[in-house]
Amino acid sequence: MNPKPPDLADRTIEVFDRQYRARGFGSQRIYPNESLIQFLASRYFKLSPDDRARVRVLEVGCGSGANLWMIAKEGFETHGIDGSAEGIALAQRHLEEKWGVSALLRKGSLLELPYPDAHFDVVVDIVSLQHLDLNNSRRALDEVARVLKRGGTFFSYRLSDQSVMRDAGLRVDEVTLSDITDAEMPLAHNGATSFWSPTVVQQLYGPAGLTVGAVERVGRTYANGMFVEYLSIVGVRD
Ligand SMILES: C[S@@+](CC[C@H](N)C(=O)[O-])C[C@H]1O[C@@H](n2cnc3c(N)ncnc32)[C@H](O)[C@@H]1O
């Protein structure tokens, strides 16, 4: 019997796995996302070192650890998960060899988080859930809400529907392309990529048990004039 063909989520993880194998740390940023720093600074950097050590933070889709090292260095209890074994291996080296910090890292799926209910104070997603289609996004948001404590926060930074490449590939649902196939476009060939409006955020967060606290638009115009926009979203677990 032939093995089941990989679904879109598995194929997307394979794309990242290949990139990490081929390009190592060169395949992602190595410094943290600025909006994530702003989010943590506004809520958690004011805590004492002892209190920070009691704040349990999970990055879903942590990749090679660009954000995770900063979270660990700032003294939070740090956890990371990613579907790519290559990404996790790079993250381990990134934290330990470059920054002298550690985190609890696991290889696993955003669709089935291997953590108990109500385990984390904060979950962060930096450009990872954007690589899921709508059905899988619903599953991932249910999982994020399940592992968050009541009143815990979910910070997400993801592509918006104002981005130039939103139609540059084969559409699999209202907001998702199976890949950005136009090689001239930013983020081409990264597997499934979805583009949300603030309305889509509201429609998906509510049923998962997450209340949307704030949605900010963060835009960037590339040197060639191409415009890419992200949504910086703070959700609170009901
Ligand atoms: C663009 S990278 C971002 C990595 C990291 N958050 C950063 O900011 O550098 C997206 C990551 O999401 C992971 N990913 C995508 N789909 C996934 C899934 N279904 N389950 C687990 N990880 C997934 C990929 O392996 C990849 O490491």
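Treat the numbers as computed from the prediction; the structure is a model and nothing was measured. All ligand and atom numbering here is 1-based and tracks the order in the structure. The residues of the chain are indexed from 1 along the displayed sequence. Reckoned from all heavy atoms, side chains included, excluding hydrogens, waters and symmetry mates.
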Thr176 to Ser194 - nearest heavy-atom pair and separation: OG1-CB, 3.5 Å
Pi-cation contact, Tyr115 with Arg56 (under 6.0 Å, within 45°): no
Pairs touching residues 94-105 that satisfy salt bridge (charged side-chain N to carboxylate O under 4.0 Å, His left out), sequence neighbours left out: Arg93-Glu97
Qualifying residue, where the test is side-chain contact (heavy atoms from CB on, under 4.5 Å) with His189 and the options are Asp182, Val15, Asp179, Ile180: Asp179
Aromatic Phe39 / basic Arg43 pairing, under 6.0 angstrom, 45° off normal: no
Show the distances, to 0.1 Å, for all pairs joining an N/O atom of ligand 1 and a protein N/O atom that are shorter than 3.5 Å, listing one pair per line.
residue	atom	partner	partner atom	Å
ligand 1	6 (N)	Glu59	OE2	2.8
ligand 1	6 (N)	Gly61	O	2.8
ligand 1	6 (N)	Ile126	O	2.9
ligand 1	8 (O)	Arg29	NH1	3.3
ligand 1	8 (O)	Arg29	NH2	3.3
ligand 1	8 (O)	Asn67	ND2	3.0
ligand 1	12 (O)	Ser128	OG	3.3
ligand 1	20 (N)	Leu110	N	3.0
ligand 1	22 (N)	Gly83	N	3.0
ligand 1	25 (O)	Asp82	OD1	2.6
ligand 1	27 (O)	Tyr20	OH	2.6
ligand 1	27 (O)	Asp82	OD1	3.2
ligand 1	27 (O)	Asp82	OD2	2.7

Gln19, Lys107, Arg21 screened by side chain to side chain donor-acceptor pair (under 3.5 Å) with Glu86, the one that passes: Arg21
